[in-house]
Structures are given as C-alpha cells and as structure tokens.
> 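Quick one: the structure is below, and I'll ask about it shortly.
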Amino acid sequence: MNLSLAAEEVATFYGKMLDHEYTTKEVFQNNFFSDWRKEMTAEERKVIKHLDKCDFTEIHRYFVDRTAARKALSKEEKQKLKEEAEKLQQEFGYCILDGHREKIGNFKTEPPGLFRGRGDHPKMGMLKRRVLPEDVTINCSRDSKVPEPPVGHRWKEVRCDRTVTWLAAWTENVQNSIKYIMLNPSSKLKGERDWEKYEVARRLKGVVGEIRSQYRADWKSPEMKARQRAVALYFIDKLALRAGHEKEEGETADTVGCCSLRVEHIRLHPEADGRPYVVEFDFLGKDSIRYYNKVPVEKPVYENLQLFMENKGPGAELFDRLTTASLNKHLQDLMDGLTAKVFRTCNASLTLQGQLRALTRAEDGVAAKVLSYNRANRAVAVLCNHQRATPKTFEKSMQTLRSKIEAKVKQVAEAKAELKKARADHRSRGDSRSKSFLEKRGRLLEKLEEQLRRLSMQATDKEEGKQVALGTSKLNYLDPRISVAWCKRFGVPVEKIYNKTQREKFAWALDMAGEDFEF
DNA sequence: AAGATGACTTAGAAACGAATGG
DNA sequence: CCATTCGTTTCTAAGTCATCTT
C-alpha cells in the first residue's frame with residue numbers, strides 16, 4: 001500500500017527497528033500504532049486497523065540494504081563523507097564563550113523516531129516528533145551574531161540569558177521535557193564545575209565523621225521523621241544509594257532510589273550467612289538497573305526498619321515521612337553545598353584512592369599496575385552498581401582468548417626446549433655464531449613469556465568485568481586528580497588510564513595534580 | 001508546603017572506526 | 001587483505017536538585 005508522506009515516515013521508524021526486541025513488546029506496539037494512526041490520512045485510517053496485519057519487512061530490508069551499501073562504499077567515497085561531517089562539525093560544532101572557542105557537546109537536534117524508554121516504560125514506542133526551528137529557543141549574548149534559522153523558518157525565540165549555560169533548547173513532545181544544546185565536557189565551563197563538584201566531595205570527607213555521629217544519635221530520636229531521615233542517610237552514606245525522588249505514576253518506568261524505597265524492596269533477616277541483622281535489597285534503580293545487595297547493618301538500623309515496616313503493605317513507602325527535598329535541606333544545614341549525591345562522589349573517590357593504595361605494588365610492571373587500576377575502578381563501579389548487559393559475543397570471545405592462552409603456553413614450552421638446546425649447542429661449539437643464536441632464543445622466550453603474562457591478565461580482567469561498566473564511574477565519580485597522582489607516583493603514562501577524550505575532559509586535573517595529591 | 005518547571009549531571013546502548021589476526 | 005574484535009564516540013534517556021508557582 002502506498003502511504004502518505006507523514007504515515008510513511010512513521011512506518012519507516014518501526015520498520016527500521018524490526019529486529020530489535022522493542023518491537024516484540026506489547027506496550028511498544030500499542031503506543032506506536034496509536035501514534036502512527038494519528039499521522040495517517042482518513043483513508044489510510046480506514047484501511048490500516050491492526051498492526052499485526054501490517055508487514056514491514058520490505059521497509060526493513062530497504063534499511064538493511066542501505067547500511068550494507070554504505071559499508072561497501074569505496075575508500076574515496078568514505079573519505080568524502082568524513083570530510084563533509086568534519087565541515088559540519090567545524091561550522092556548527094563550536095561556539096565562542098567569554099572570548100574562547102569552545103566545543104559544543106551535542107550540536108544537532110535529536111531526529112524524529114520512536115521513543116525508546118528503558119525498562120518497563122509506559123511510553124515506549126510513542127512518536128518523537130521532528131524538531132522545527134519554530135520549536136527552538138536560541139540563547140546567545142546580546143552583541144553576538146544570532147545564528148540564522150533555515151530559509152523560510154524562524155526561531156521560537158532568541159534570548160540573552162547569562163545565568164544559564166545552554167546555547168539552544170526545545171521542548172520534546174513525549175515527556176514534555178526540555179532538551180538542551182550544551183558545551184562539551186572539555187570546555188572550561190564544564191571543567192570548572194567538575195572541579196567544584198570534587199571540592200565539595202572533599203569537604204564532605206572532612207565532616208563525614210561528625211555527620212555519622214549525628215545520624216547515629218538520630219536513630220533514637222523521638223521524632224519519626226528524624227529517625228527515617230537518619231536511616232536513609234545511613235544507606236546513602238554506606239551503600240552510595242541515589243536520593244530517589246518521587247516519580248509520577250504511569251509517566252515513567254517504576255524505579256526507586258533511597259527515599260522512594262517501598263516495603264517490597266527490602267527483606268529483613270535476623271541472621272543470614274552467619275551475620276546478624278541483615279537487610280536484603282532488591283529493587284530497580286536508575287535506568288531500571290537492578291540493585292541487589294545483602295548487607296549487615298547496625299542493630300538500631302535494623303530495629304528502626306522493623307518499626308517503619310509495621311502495619312504497611314508491600315507497596316507502601318518505607319520512608320513515608322521523608323522526601324528528598326527535606327533530606328537535602330537537612331544536609332544543607334550540616335554542610336554548605338551538601339546534597340545526597342555528594343556522598344556517592346565522595347565514597348567513590350575514596351574507594352578508588354583506598355583500593356589503589358591496597359593493590360598497587362611499586363615493583364610491578366606497567367601492565368600489572370594498569371590491571372590494579374582497573375580493579376580499583378571496578379570496585380567503585382560495583383559500589384555504585386554500574387552495570388552493563390554482558391556483551392553478546394562474550395562467551396565466544398572468552399573462548400578464543402582461552403585457546404590463545406593455551407597456544408601461547410605451548411609456544412613458551414617449545415621456546416624453553418629450544419633455548420636449552422641452543423645452550424648445549426653453544427657449550428659444545430663455543431663459537432660466536434652459536435652464541436648469537438643462543439641470545440636470539442633467549443630473547444624469543446622472554447617475548448613469549450611477556451605475551452603470555454599479558455594474555456592471562458587480559459583473561460582475568462575480562463571475566464571479572466563482563467557485567468561491570470567502568471566508564472560511568474571513571475567519567476563522573478572519580479576525582480581525576482587521584483588517577484593523575486597515581487600515574488605520576490608509579491610511573492604509569494597517563495595515556496594508559498585516560499584516552500584522548502578523557503584527557504581533554506580532565507585537562508584541569510592533568511595540570512594541577514602532583515604525585516602527592518590526596519583526595 | 002507541595003507540586004511543577006528548568007537546568008544540569010549521570011547513565012547504558014548503539015553506532016562507529018581503528019586495530020588485530022587469520 | 002578481509003573479517004572480526006574491541007575501544008571510542010555519539011546519542012539521548014533518566015536521574016538530581018534549585019527555584020518558581022500555586
């Protein structure tokens with residue numbers, strides 16, 4: 001069936017995704033179909049009444065072919081495309097801020113498509129509309145040259161607001177939230193804020209002892225609200241949980257953080273695995289990532305939790321007298337600039353610093369030191385519950401790595417035998433030719449052994465990290481000065497820890513951290 | 001005081017492109 | 001040289017938190 005332009009475009013959004021799991025979900029299908037019908041002409045609507053009677057395979061094939069064709073392009077054609085992209089980047093990807101040319105993070109508006117929410121999102125599959133110039137507000141200084149809207153169009157508004165950092169913004173139709181064009185993490189502005197964030201976290205380190213004695217005292221407070229706050233704060237401090245705002249029901253996936261925990265999300269065990277007063281957490285957090293943990297807690301915490309759960313159903317709020325606003329207000333009183341998330345930053349950075357101290361051995365080679373760093377990084381990722389889906393090809397690539405190791409072990413054994421032979425040969429002959437041959441064999445064995453060491457390290461690393469995402473903590477929670485100082489102290493080139501982009505983002509730390517920096 | 005809004009950080013997945021090895 | 005693998009970059013959703021509005 002030939003479709004109208006609008007209906008066809010929306011159909012392609014679905015057809016493109018045909019081999020994605022999303023299209024098997026009922027919510028996704030229903031939302032898509034309902035929004036698709038809105039784009040149809042009255043005639044189309046009369047014909048197209050059931051999604052399961054629509055066949056998108058031809059559309060799907062078109063996009064598969066197009067991808068293949070793009071991949072098959074000649075070197076020159078690919079180079080040309082690359083140059084065009086670079087030209088766009090140069091023209092639109094930068095701005096002037098306070099006289100400095102700064103890179104923009106996302107300089108393109110988001111294209112239309114089907115909304116891909118995470119977890120059980122009630123709006124998955126809805127149509128995300130195309131952004132028009134008429135939707136976009138431009139923010140730039142009064143004396144600057146205002147960017148031209150595309151021909152025949154106009155901006156929604158041009159304003160000059162010096163109190164915010166965004167360059168352009170529009171409202172997105174699915175969640176009715178504002179989307180922004182902002183600077184790249186390498187910019188001075190973002191760098192300064194990043195530095196400030198870690199300075200606040202360092203200040204918390206100085207007063208956290210006091211805060212702990214305070215909330216311990218509050219566990220016995222006659223006021224229920226103070227008790228709940230004190231127990232919640234204990235979790236945020238000890239387990240690095242997120243604050244956990246109330247969310248509007250039916251608008252987003254059902255996820256929680258500390259303050260929004262419900263009775264159904266924890267189980268109390270008087271004793272578990274030989275430890276007393278154990279709390280078992282099981283809930284979906286940000287991005288619908290499951291948080292599962294069994295932690296022994298102090299007795300008053302346990303007893304308070306029993307109290308909070310009394311006479312409540314599984315769907316009831318655990319901390320019914322507590323909100324993130326009141327918690328943060330309390331924290332603000334304890335330390336200037338303190339909010340719930342600062343605990344996460346502080347805990348993460350201290351964990352990295354402590355783990356590096358515990359794991360690094362000065363006599364190790366660079367590769368082993370980098371492995372130690374990754375282990376320390378991993379400890380933080382586990383603390384913050386940063387997970388990823390096990391890569392689809394994990395088992396396969398693990399298997400190849402294992403066989404590579406086996407092969408290398410054999411090679412080493414052979415090289416050893418060869419070396420032995422060469423040594424005997426040299427002893428009996430004693431000439432320079434057999435000597436240089438012996439040396440050659442020695443070097444070969446060394447090289448192979450080094451390769452083997454590297455491979456087995458790789459294997460350990462891979463297995464331990466298959467479900468752990470290291471990037472998020474590295475980018476957002478670990479004070480880069482800790483890493484820079486560690487690199488300097490142990491003679492590890494910083495490039496082994498931070499790639500180019502990361503070095504640009506952390507330029508401020510590369511400059512300022514000496515080898516004796518302490519968080 | 002509560003709820004809504006706006007601005008910003010944090011998050012994992014997907015796309016992309018360079019390195020590696022058969 | 002090509003296919004596969006793996007690290008990097010891009011994308012945009014989903015949080016946090018302050019401030020505005022009612």
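If you're wondering where the values come from, they're calculated on a predicted model, not measured in any experiment. Reckoned from all heavy atoms, side chains included, excluding hydrogens, waters and symmetry mates.
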> Is it the case that over 12 heavy atoms from other parts of the model lie below 6.0 angstrom from the NZ atom of A:K496?
no

> For A:D287 and C:dG15, what is the distance between atoms CG and C1' respectively, to the nearest whole Å?
8 Å

> Give, ordered by number, those residues of residues 332-340 of chain A having at least one heavy-atom distance below 4.0 Å to an atom of DNA chain C; if nothing qualifies, reply none.
A:T339, A:A340

> What residues, two or more places apart in sequence or in another chain, satisfy salt bridge (charged side-chain N to carboxylate O under 4.0 Å, His left out) together with A:E196?
none

> Using a cut-off of strictly less than 4.0 Å between a heavy atom of the residue and any atom of DNA chain C, enumerate the qualifying residues of residues 468-484 of chain A by number.
none

> Taking only residues two or more places apart in sequence or in another chain, which ones pass side chain to side chain contact (heavy atoms under 4.5 Å, CB included) with A:T351?
A:N347, A:Q355, A:A379, A:V380, A:L383

> Please list all pairs passing the side chain to side chain donor-acceptor pair (under 3.5 Å) test where one or both residues lie in residues 63-73 of chain A, with sequence neighbours left out.
none

> Which residue pairs pass the salt bridge (Lys or Arg N to Asp or Glu O under 4.0 Å) test when at least one of the two sits in residues 109-128 of chain A, sequence neighbours left out?
A:E110-A:K128, A:E110-A:K179, A:R118-A:D287, A:K123-A:E251

> Please confirm whether A:F281 and A:F235 have ring centers closer than 6.0 angstrom.
yes

> Could you list by number each residue of residues 14-25 of chain A showing a heavy-atom separation from DNA chain B of less than 4.0 Å, or answer none if no residue does?
A:H20

> For the ring pair A:F506 and A:Y498, is the centre-to-centre distance below 6.0 Å?
yes

> Between the protein and nucleotides 4-6 of chain B, are there any N/O to N/O pairs under 3.5 Å, and if so, what are the atom names and distances?
none

> With under 30° as parallel and over 60° as perpendicular, where do the rings of A:W36 and A:F32 fit, or are they tilted in between?
parallel

> Is there a side-chain polar atom (N or O) of A:K71 under 4.0 Å from OP1 or OP2 of B:dG17?
no

> So if I take residues 184-192 of chain A and measure heavy-atom distances to DNA chain B, which residues fall below 4.0 Å?
A:K190

> Going by salt bridge (Lys or Arg N to Asp or Glu O under 4.0 Å), name the pairs with one or both residues in residues 332-355 of chain A, residues two or more places apart or in two chains.
none

> Under the side chain to side chain donor-acceptor pair (under 3.5 Å) definition, can you give me all pairs with a residue in residues 11-21 of chain A, not counting sequence neighbours?
A:D19-A:H60

> Not counting sequence neighbours, which residues clear side chain to side chain contact (heavy atoms under 4.5 Å, CB included) with A:P185? List them please.
A:K505

